[in-house]
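So that we are looking at the same thing, I have put the structure below in structure tokens.
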Amino acid sequence: MNNDELKALFDQQASNYDQQWAKLSPITNGLYFLLESVFADLPENASILCVGVGTGRELIYLAKKFPGWRFTAVDPSGAMLDACREAANKEDIALRCTFHEGYVESLPDDTTHDGTTCFLVSQFMVDKAARAAFFQQIANRLKPGGVLANADLAFDKESGGFDAILKVWMTVMSGSGVPAEAIGKVKAAYEKDVAILPPDTVASIIQSGGFTRPVPFFQAGLIHAWFTKRE
């Protein structure tokens, strides 16, 4: 799936995206809870870059916890960014936000950010070199020592057990049992459009983009999260 196809997909999903993924709220809430501690040492006036911000859930969470922080919200989907802006206005934090429709590489290369979130974004880059270049683009916009928190779907599919965890994952998302044929269709789609790689491989790709060795800090189902610093 190319960038235009992904953008169109997320444009279509924007209006009901949060409702669609509401069943994962216990997982994402746990991720955000730990994220707060990952970023705890950032300055009181920190600048945070949210890459692939979607509807802005992590941005809203951090903005409430850290009232002195400012945010740059980036997403190629205009509909998703509109939903993020609407949520920020509702929470009275929009004046602390800059909204940028596009990709991270279209931002100024100015290394002004203290921290970055990037949740469930790089998994859509099936080419490893392109994925590493993506993380380099993020590093180029972080201060030296700036913190990246990244989460992606990850699993060592060669180790066995992928079909089993995929069934559990699909059951979590659907809230009910999942037929075997549905599992097969999702597995085929993941093979084509989502780069589900072993966690160590994902960590190495992140590091190759100009970061220190990533530290795992969260895992639930297929979601793995790491934090690291720009070298």
Side-chain angles (χ1 to χ4, degrees), residues 18 21 24-75 84-85 87-100 104 107-108 110-123 134-154 199-200 202-231:
D18 287 340
W21 297 104
L24 291 185
S25 291
I27 294 176
T28 53
N29 288 341
L31 173 59
Y32 301 156
F33 176 72
L34 288 172
L35 175 65
E36 179 184 344
S37 295
V38 167
F39 280 169
D41 291 334
L42 296 183
E44 291 184 359
N45 62 343
S47 173
I48 306 298
L49 172 63
C50 297
V51 178
V53 71
T55 58
R57 290 188 61 206
E58 74 267 23
L59 186 156
I60 300 298
Y61 183 93
L62 290 172
K64 289 180 177 180
K65 294 292 182 178
F66 301 97
W69 289 9
R70 300 186 66 83
F71 299 86
T72 300
V74 180
D75 203 288
C84 179
R85 185 183 289 106
N89 278 315
K90 183 178 179 180
E91 297 294 341
D92 198 27
I93 61 171
L95 292 178
R96 295 160 54 195
C97 302
T98 299
F99 300 95
H100 179 84
V104 65
L107 286 171
D110 57 7
T111 65
T112 60
H113 297 96
D114 300 281
T116 300
T117 61
C118 183
F119 292 160
L120 305 179
V121 176
S122 85
Q123 65 197 26
F134 168 74
F135 286 111
Q136 183 65 66
Q137 292 289 345
I138 292 175
N140 290 346
R141 288 152 183 86
L142 274 172
K143 296 176 182 177
V147 181
L148 164 67
N150 180 81
D152 280 308
L153 301 184
D200 285 347
V202 178
S204 295
I205 291 172
I206 296 170
Q207 185 176 8
S208 70
F211 291 93
T212 59
R213 181 66 181 175
V215 178
F217 75 94
F218 180 85
Q219 190 269 319
L222 286 175
I223 295 178
H224 292 250
W226 303 259
F227 68 88
T228 180
K229 293 184 178 182
R230 181 192 168 181
E231 288 190 321

Practice task
Answer whether the closest heavy-atom distance between the side chains of Leu142 and Phe211 falls below 4.5 Å.
Solution key: yes

Problem - Donor-acceptor under 3.5 Å (Asn45 side chain, Gly68 main chain) - result: no

Exercise for the section: Mind running side-chain contact (heavy atoms from CB on, under 4.5 Å) on Trp226 and Val202 for me, showing each step along the way? Expected result: CA-CA 10 Å; Trp226 303 259; Val202 178; 3.5 Å; yes

Practice task
State the SG-CG distance between Cys97 and Asn89, to the nearest 0.5 angstrom.
Solution key: 9.0 Å

Exercise for the section: Grab the two heavy atoms, one from Leu62 and one from Trp69, that are nearest each other, plus how far apart they are. Expected result: CD2-CZ3, 4.2 Å

Exercise for the section: Report yes if some heavy atom in the side chain of Phe135 is under 4.5 Å from a heavy atom in the side chain of Leu148; otherwise report no. Expected result: yes

Handout entry: Contact summary for Phe99 and Ala94, nearest pair of heavy atoms
Key = CE1-O, 4.3 Å

Practice task
Please check if the side chain of Thr98 supplies one atom and the backbone of Thr72 the other of a donor-acceptor pair under 3.5 Å.
Solution key: no

Exercise for the section: Can you measure from CZ (Arg96) to CD (Glu91) and round to the nearest 0.5 angstrom? Expected result: 11.0 Å

Handout entry: Nearest non-hydrogen partners of Ala151 and Leu31, listed with the distance
Key = CB-CD2, 4.3 Å

Practice task
For Gly30 and Phe218, work out which heavy atoms get closest and say how close.
Solution key: C-CE1, 3.7 Å

Handout entry: Heavy-atom side-chain proximity of Arg57 to Asn29 below 4.5 angstrom
Key = yes

Exercise for the section: For the pair Gln136 (side chain) and Ile138 (backbone), establish whether a donor and an acceptor sit closer than 3.5 Å, ignoring hydrogens and angles. Expected result: no

Handout entry: Flag, side chain of Asp75 to backbone of Gly54, donor-acceptor distance under 3.5 Å
Key = yes

Problem - Donor-acceptor pair, side chain of Gln123 and main chain of Leu153, under 3.5 angstrom - result: yes

Completion exercise
CD1 (Ile27) and CD (Gln219) are apart, to the nearest 0.5 Å, by 9.0 Å

Handout entry: Flag side-chain contact, heavy atom, 4.5 Å: Val38 against Val215
Key = no

Problem - Spacing of CD1 belonging to Ile93 relative to NZ belonging to Lys90, to within rounding of 0.5 Å - result: 12.0 Å

Completion exercise
When Leu49, Val74, Val104, Asn150 are each screened for side-chain contact (heavy atoms from CB on, under 4.5 Å) with Cys118, the one that passes is Asn150

Completion exercise
So CZ of Arg70 and CD1 of Ile48: to nearest 0.5 Å the spacing works out to 12.0 Å

Problem - Beyond-backbone contact of Phe39 with Phe227, side-chain heavy atoms, under 4.5 angstrom - result: no

Problem - Backbone of Ala149 reached by a side-chain donor or acceptor of Thr117 within 3.5 Å - result: no

Handout entry: Pair Ser204-Arg213, side-chain donor/acceptor within less than 3.5 Å
Key = yes

Practice task
Search all heavy atoms of Pro199 against all heavy atoms of His224 and return the closest pair with its distance.
Solution key: CG-CE1, 3.6 Å

Fill in the blank from the handout: Shortest non-hydrogen pair, Glu58 vs Tyr32, comes out as CB-CE2, 3.6 Å

Practice task
Kindly indicate whether the side chain of His100, heavy atoms from C-beta on, has any atom under 4.5 Å from the side chain of Pro108.
Solution key: no

Problem - Spacing of Ser47 atom OG and His113 atom NE2 [to the nearest 0.5 Å] - result: 4.0 Å

Practice task
Given side-chain contact (heavy atoms from CB on, under 4.5 Å), test Val121 with Phe134 step by step and report yes or no.
Solution key: CA-CA 10 Å; Val121 176; Phe134 168 74; 3.8 Å; yes

